[in-house]
2 protein chains.
Amino acid sequence: MTATAAATSRPRKRIVIVGGVAGGMSAAARARRLDEHAKIVVLEQGEYVSFANCGLPYSLSGEISSREDLLLHTPSSLSRTLNLDVRTGHRVTSIDRERCEVTANRAGGTERFSYDALILAPGAVAVRPPIDGLDHPAVHTLRTIPDLDAVQEAVAAALRDREPGAGAPQAVVIGAGFIGLEAVEALVGRGLHVHLVELADHVLPPLDAELAALLAQELTAHGVTLHLGVSAQAVTDAADGTTTVALSDGTDLPADLVVVNVGVRPASTLAEEAGLELSARGAIRVDGDQRTSDPHIWAVGDAVEVRHAVTGALGSVPLAGPANRQGRRAADSLSGHRTTPQQRVLGTAIVRVFGMTAAVTGANQSTLRSAGIEYEVVRVHAGHHAGYFPGAEQLHLVASFAPDGRLLGAQGVGRDGVDKRIDVLATALRAEMTADDLAELELAYAPPYGSAKDAVNMLGFVAQNALDGTMPQWHPEELEQVRAHSLVLDVRSAEEYAAGHLDGALHLPHTELRDRLDEVRAAARGRSVAVLCASGVRSYLAVRILRGAGIDARSLSGGWNTLRSLQT
Amino acid sequence: MTATAAATSRPRKRIVIVGGVAGGMSAAARARRLDEHAKIVVLEQGEYVSFANCGLPYSLSGEISSREDLLLHTPSSLSRTLNLDVRTGHRVTSIDRERCEVTANRAGGTERFSYDALILAPGAVAVRPPIDGLDHPAVHTLRTIPDLDAVQEAVAAALRDREPGAGAPQAVVIGAGFIGLEAVEALVGRGLHVHLVELADHVLPPLDAELAALLAQELTAHGVTLHLGVSAQAVTDAADGTTTVALSDGTDLPADLVVVNVGVRPASTLAEEAGLELSARGAIRVDGDQRTSDPHIWAVGDAVEVRHAVTGALGSVPLAGPANRQGRRAADSLSGHRTTPQQRVLGTAIVRVFGMTAAVTGANQSTLRSAGIEYEVVRVHAGHHAGYFPGAEQLHLVASFAPDGRLLGAQGVGRDGVDKRIDVLATALRAEMTADDLAELELAYAPPYGSAKDAVNMLGFVAQNALDGTMPQWHPEELEQVRAHSLVLDVRSAEEYAAGHLDGALHLPHTELRDRLDEVRAAARGRSVAVLCASGVRSYLAVRILRGAGIDARSLSGGWNTLRSLQT
Ligand SMILES: Cc1cc2nc3c(=O)[nH]c(=O)nc-3n(C[C@H](O)[C@H](O)[C@H](O)COP(=O)(O)OP(=O)(O)OC[C@H]3O[C@@H](n4cnc5c(N)ncnc54)[C@H](O)[C@@H]3O)c2cc1C
Ligand SMILES: Cc1cc2nc3c(=O)[nH]c(=O)nc-3n(C[C@H](O)[C@H](O)[C@H](O)COP(=O)(O)OP(=O)(O)OC[C@H]3O[C@@H](n4cnc5c(N)ncnc54)[C@H](O)[C@@H]3O)c2cc1C
Ligand SMILES: CC(C)(COP(=O)(O)OP(=O)(O)OC[C@H]1O[C@@H](n2cnc3c(N)ncnc32)[C@H](O)[C@@H]1OP(=O)(O)O)[C@@H](O)C(=O)NCCC(=O)NCCS
Ligand SMILES: CC(C)(COP(=O)(O)OP(=O)(O)OC[C@H]1O[C@@H](n2cnc3c(N)ncnc32)[C@H](O)[C@@H]1OP(=O)(O)O)[C@@H](O)C(=O)NCCC(=O)NCCS
């Protein structure tokens with residue numbers, strides 16, 4: 001018997017996949033590569049499969065010039081390359097777990113598909129915020145190609161119908177998360193004036209407030225009007241036909257177009273109705289191999305429950321990377337291939353906001369606080385490459401460490417080099433690295449690319465110093481206590497001090513400190529000294545000098561830079 | 001007794017540091033921060049301290065517009081900020097270990113400095129290749145600010161003295177290592193025609209040949225003439241006053257200017273004369289705390305011996321990052337501060353060559369081969385961000401893995417995103433990650449920054465497949481054997497095939513393979529099938545189809561892309 005005969009005489013495994021985009025199609029592709037003989041059917045309710053959801057905002061902006069570029073595959077290309085049987089316009093409405101069969105609604109009727117292995121990759125559904133008039137025709141979301149087409153049409157109409165001499169058409173974007181910010185950028189790029197409405201007190205809620213402030217500046221600089229800490233309450237038509245969005249603070253915003261993106265929830269109705277185990281929040285429960293509570297059914301992507309690597313919290317992480325890799329793992333598992341254990345998620349994410357980049361990995365400060373996890377936060381405002389090489393952009397990094405030095409999370413904002421640092425830190429987090437490890441990372445250095453002591457090394461150095469007592473820190477949120485009980489010592493230059501400072505601070509440039517210790521002692525009157533400079537470097541030097549002289553001193557983490565961004 | 005009194009009544013520790021640049025001054029700065037009361041003297045033979053050696057080539061090119069930008073500190077700024085006693089023009093000529101004293105030559109005489117702790121940071125000295133006439137005034141090196149000044153002057157003179165109508169002045173750069181390539185770029189930028197002479201058979205010898213070929217193309221495209229696999233033998237003046245560089249292949253190159261950079265060796269004469277333990281290659285031996293064989297003497301930087309993380313080989317790594325961090329560690333150690341164990345070095349390095357970046361970390365293929373370490377190499381030619389987003393540049397990554405999956409080294413060349421991937425891979429190497437770990441890295445993805453399956457994840461996927469037998473590979477160096485014993489199957493499109501292919505290959509686009517298996521079987525006549533495509537993706541799919549049909553098949557690692565670059 002030849003190998004071929006052996007292979008073809010086995011009964012062909014029937015694999016059915018619900019959802020034909022990131023997680024589903026990755027699973028289908030991998031399943032085919034692992035089993036040339038399986039019968040693989042992909043059922044997708046929409047008109048398109050394998051489309052680049054993540055590219056939708058850039059198609060809206062025009063940066064991706066052709067809508068076709070978003071379609072990475074078609075059913076026919078998937079048939080040709082991977083011999084997949086892809087059915088668009090097929091909405092799976094039920095799973096008969098006993099008979100291992102799903103039923104799909106399609107044009108002209110229903111159809112049943114039997115499976116040996118079923119993969120659920122239905123993604124997420126947009127959360128509908130409690131806004132009156134959410135079904136108003138001016139209100140859009142941005143999750144699919146048809147959504148994109150509708151927004152494109154609305155933008156074109158608004159630009160076309162504008163009265164000569166009137167200002168830019170008005171868009172209201174509700175929700176300042178990743179996709180909301182991408183939508184804002186796209187709409188501004190198309191020439192609209194954008195009002196951005198966000199319930200949280202800062203844009204991009206996963207980002208700590210101090211960094212979000214920098215994004216807010218960038219948004220404002222590009223003409224976006226921010227409405228933070230308020231909710232949209234109603235979308236209504238005035239008598240004159242204009243549409244208005246009413247905010248909780250009483251503002252009425254005229255709107256030619258409204259885009260709502262306030263988050264997603266797992267699309268788990270099908271799984272729920274089939275009696276699969278769900279989390280309290282409605283995500284599909286899976287094991288380390290993506291297997292659900294039914295051994296013949298796997299689930300992946302936005303729809304499933306994952307565990308956070310740092311906090312251990314259960315939730316869902318609606319991101320493309322995890323969805324793709326989970327799809328691959330599910331295919332490995334159902335094919336009997338060796339699987340790698342599912343890693344806990346870090347929630348690494350990134351967004352471009354005009355000229356800025358913001359990125360996060362691991363736990364942010366507010367998550368750590370609410371999870372009751374003890375941490376020390378450090379901040380570095382460093383050049384993205386050697387300062388003596390032209391074009392160095394300031395990189396703002398914030399990282400949190402456990403008392404034993406383990407990295408817990410990091411965030412960055414800046415005009416260049418943010419993605420690199422966050423990827424390095426995401427890799428470090430995955431490896432459970434500590435401050436000591438970051439200090440010792442051997443990163444690639446030549447002047448156009450980094451610094452001999454890279455910003456990531458610096459995070460390690462600063463954390464070492466903060467944790468081992470070399471440089472006790474004080475933090476912006478302690479400002480009031482500090483002003484009440486300590487001497488604030490500002491060691492910046494006279495010019496920097498003149499441009500803005502805290503009332504009541506003693507000003508004394510760090511280079512003069514050694515000669516003027518008596519002045520500090522006199523002003524401190526036995527109180528501890530809270531030192532600050534612009535970024536934390538000079539105040540660190542000052543703290544070392546003061547402590548060397550027996551004076552209790554702490555350094556303001558992140559310096560004036562961080563303090564100021566929290567005060568705007 | 002107050003803390004101050006306690007601090008000042010202790011005898012002040014006397015710290016003497018030899019060498020005032022990367023390692024030495026980092027040690028001095030850290031030592032001061034850890035001990036406000038120490039007496040810290042830095043002795044530097046040159047005129048400058050704390051200068052950015054790494055910036056010299058960019059000052060030559062004019063990209064760094066002011067030479068002063070290279071001077072990060074002066075003795076007076078170091079005195080003001082860190083209370084360091086910095087003496088330029090002080091060449092330390094001997095160490096009296098018994099008396100804990102060094103002697104320095106300075107203008108007008110010698111001076112002795114007693115120490116409690118001595119740090120040696122003398123750096124490296126340029127290797128002088130065996131070339132007749134190396135002391136010819138047209139011959140320069142590029143290691144210090146005075147070197148830079150001399151080259152600047154030579155370039156200015158060559159440009160000024162050029163006959164009207166004559167071509168560009170001619171420079172010969174000997175040595176195509178990191179600094180050599182930077183010098184080439186700078187000289188071309190200044191309008192010179194450059195001949196680059198390298199003894200190895202490819203530029204940037206630490207890079208594997210297949211990637212070096214891409215740099216060679218970039219150099220040629222910028223008008224550089226390459227002389228590979230040859231050595232310079234003599235620099236002589238012709239009767240007409242022109243200078244000529246004679247190469248081993250008989251070529252005579254006229255030269256207005258010659259820059260030699262063929263590597264460095266540890267500057268360890270002082271240590272040797274003091275009887276400190278050196279390696280066979282003359283590097284200063286240190287322990288994990290940078291301490292030499294004399295407990296009162298530490299050594300750091302280019303002068304010391306380090307152990308390679310992957311091969312375990314002892315050597316030296318003349319790079320700024322390690323020098324800086326070693327300086328910091330030496331200061332920690334001599335101050336009695338907690339030290340982190342010295343990490344083995346990865347040799348992470350990077351260079352810009354016109355529009356390209358090349359970077360390496362860990363062991364390359366030739367090092368692994370000569371160390372007798374078993375490895376599997378994988379190649380990925382992927383976009384540096386999502387392909388559907390405009391501006392994706394091809395990224396060429398090569399990585400080697402141990403049979404058990406552990407990452408051993410990685411290299412990259414491309415126009416964008418190389419530095420990020422190498423930094424991630426350097427972090428992964430430090431964490432001793434495996435192919436499985438790379439596959440699961442959760443890197444930041446949005447269309448402008450990466451891909452849902454980043455190129456680094458892809459390295460992990462491909463390595464998993466290569467190592468577990470899902471995708472057996474064949475490699476370019478096996479080409480002759482393969483052609484002799486296997487059927488070569490080219491699964492690219494008809495256009496790609498027409499543009500260049502291997503004689504005798506069967507051509508059959510991968511999308512047609514399932515229907516034309518009989519043709520493959522007939523052509524193979526029982527031999528195994530060696531599949532190739534452009535980058536390795538389609539040949540992987542084809543291998544899976546063929547193996548599914550019981551045909552022994554392997555995929556060409558890196559595809560035509562890699563094969564072609566090795567043949568140019
Ligand atoms: C505008 C936008 C921008 C984004 N940007 C980024 C980004 O920059 N980076 C990032 O990491 N992530 C981004 N994401 C998120 C990312 O696209 C998702 O996390 C990822 O696509 C999830 O994959 P999935 O397979 O779980 O779901 P999806 O890719 O959403 O696929 C699910 C599919 O299942 C279909 N389906 C659902 N139920 C049924 C049913 N009953 N029968 C048949 N078919 C069904 C749906 O129609 C859908 O096509 C973005 C998403 C959007 C919408
Ligand atoms: C042109 C150039 C470009 C470079 N580019 C890069 C790059 O892009 N990335 C990278 O990582 N590395 C780069 N390097 C290498 C990097 O600069 C070195 O690895 C680093 O400076 C080594 O630090 P060190 O303290 O050991 O020696 P150095 O920084 O060289 O300092 C040693 C000092 O000691 C002094 N000295 C020696 N002997 C005595 C004595 N007896 N008495 C008194 N003083 C003495 C010397 O004059 C010298 O100033 C580059 C080097 C050069 C020359
Ligand atoms: C496009 C889509 C079908 C991907 O399928 P895929 O074939 O698994 O993914 P890719 O095309 O990226 O190819 C990855 C495969 O090529 C292999 N590969 C990549 N480079 C290779 C190389 N140089 N040599 C050999 N193999 C290589 C990988 O190993 C992997 O195969 P494996 O999973 O069997 O190990 C699916 O991801 C999809 O529909 N995506 C669009 C939707 C989406 O992702 N949206 C969210 C982001 S916008
Ligand atoms: C410039 C030179 C004196 C560096 O001294 P340095 O003070 O150790 O280095 P930096 O200026 O980078 O500062 C690093 C210190 O600031 C601290 N720091 C950085 N950012 C901080 C922040 N935001 N908050 C608090 N502290 C911070 C770090 O923790 C570190 O201190 P530590 O070592 O005590 O932990 C020395 O490296 C030198 O001479 N370099 C030039 C030569 C050279 O490096 N050449 C090769 C490359 S071109």
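Order of the sequence lines fixes the chain letters, A, B, ..., with proteins taken first and strands second; residue numbering starts at 1 for each chain. Side-chain atoms are counted along with the backbone in the values below, which use heavy atoms only and exclude waters and symmetry mates.
A/Arg338 touches chain B through its side chain: at least one heavy atom from C-beta onward sits under 4.5 Å away, while N, CA, C and O do not. Heavy atoms closer than 4.5 Å to chain B are found in the side chain of A/Thr470, but not in its backbone. Looking at A/Leu82, the atoms closer than 4.5 Å to chain B (heavy atoms on both sides) sit in the backbone and in the side chain alike. Only the side chain of A/Arg328 comes within less than 4.5 Å of a heavy atom in chain B; its backbone stays farther off. No part of A/Val418 comes within reach of chain B, as not one of its non-hydrogen atoms sits under 4.5 angstrom from that chain. When heavy atoms are compared at a cutoff of 4.5 Å, A/Arg344 approaches chain B solely by way of its backbone atoms N, CA, C and O. Contact annotation for A/Ile545: both backbone and side-chain heavy atoms come within less than 4.5 Å of a heavy atom of chain B.
Between A/Glu36 and B/Arg514 the shortest side-chain heavy-atom distance falls below 4.5 Å. Counting heavy atoms from C-beta on, the side chains of A/Asp419 and B/Leu443 never come closer than 4.5 Å. For the pair B/Tyr445 and A/Leu319, the minimum side-chain heavy-atom distance is 4.5 Å or more. Considering only heavy atoms from C-beta on, B/Tyr58 comes within 4.5 Å of A/Pro448 through its side chain.
In terms of heavy-atom pairs under 4.5 angstrom with chain B, the leader among A/Asn465, A/Asp35, A/Leu425, A/Leu438 is A/Asn465. Comparing B/Ala386, B/Ser451, B/Ala52, B/Ser65 by heavy-atom pairs within less than 4.5 Å of chain A, the highest count is held by B/Ala52. Ranking B/Ala426, B/Pro509, B/Pro390 against chain A, the residue ahead of the rest is B/Pro390, based on heavy-atom pairs under 4.5 Å. Between chain A and the options B/Ser59, B/Ala349, B/Ala444, the largest number of non-hydrogen pairs under 4.5 Å is found for B/Ala444. Your options are B/Gly321, B/Ala29, B/Ser79, B/Cys54, and the one with the most heavy-atom pairs under 4.5 Å with chain A is B/Cys54. Taking chain A as the reference chain and counting heavy-atom pairs below 4.5 Å, the highest number among B/Leu429, B/Thr357, B/Asp454, B/Leu513 is found for B/Thr357.
Residues A/Ala452 and B/Arg325 approach most closely at O-NH1, 3.8 Å, considering heavy atoms.
Chain A is approached within less than 4.5 Å, heavy atom to heavy atom, by B/Asp69, B/Leu70, B/Leu72 from residues 66-73 of chain B, ordered by number.
Residue B/Lys420 forms a side chain to side chain contact (heavy atoms under 4.5 Å, CB included) with just one option from A/Asp423, A/Val424, A/Ile422, and that option is A/Asp423.
Remark: the backbone N or O of B/Gly548 is paired with a side-chain donor or acceptor of A/His37 at under 3.5 angstrom.
Note on B/Arg430 versus A/Glu442: salt bridge recorded, some NZ/NE/NH1/NH2 to OD/OE distance being below 4.0 Å.
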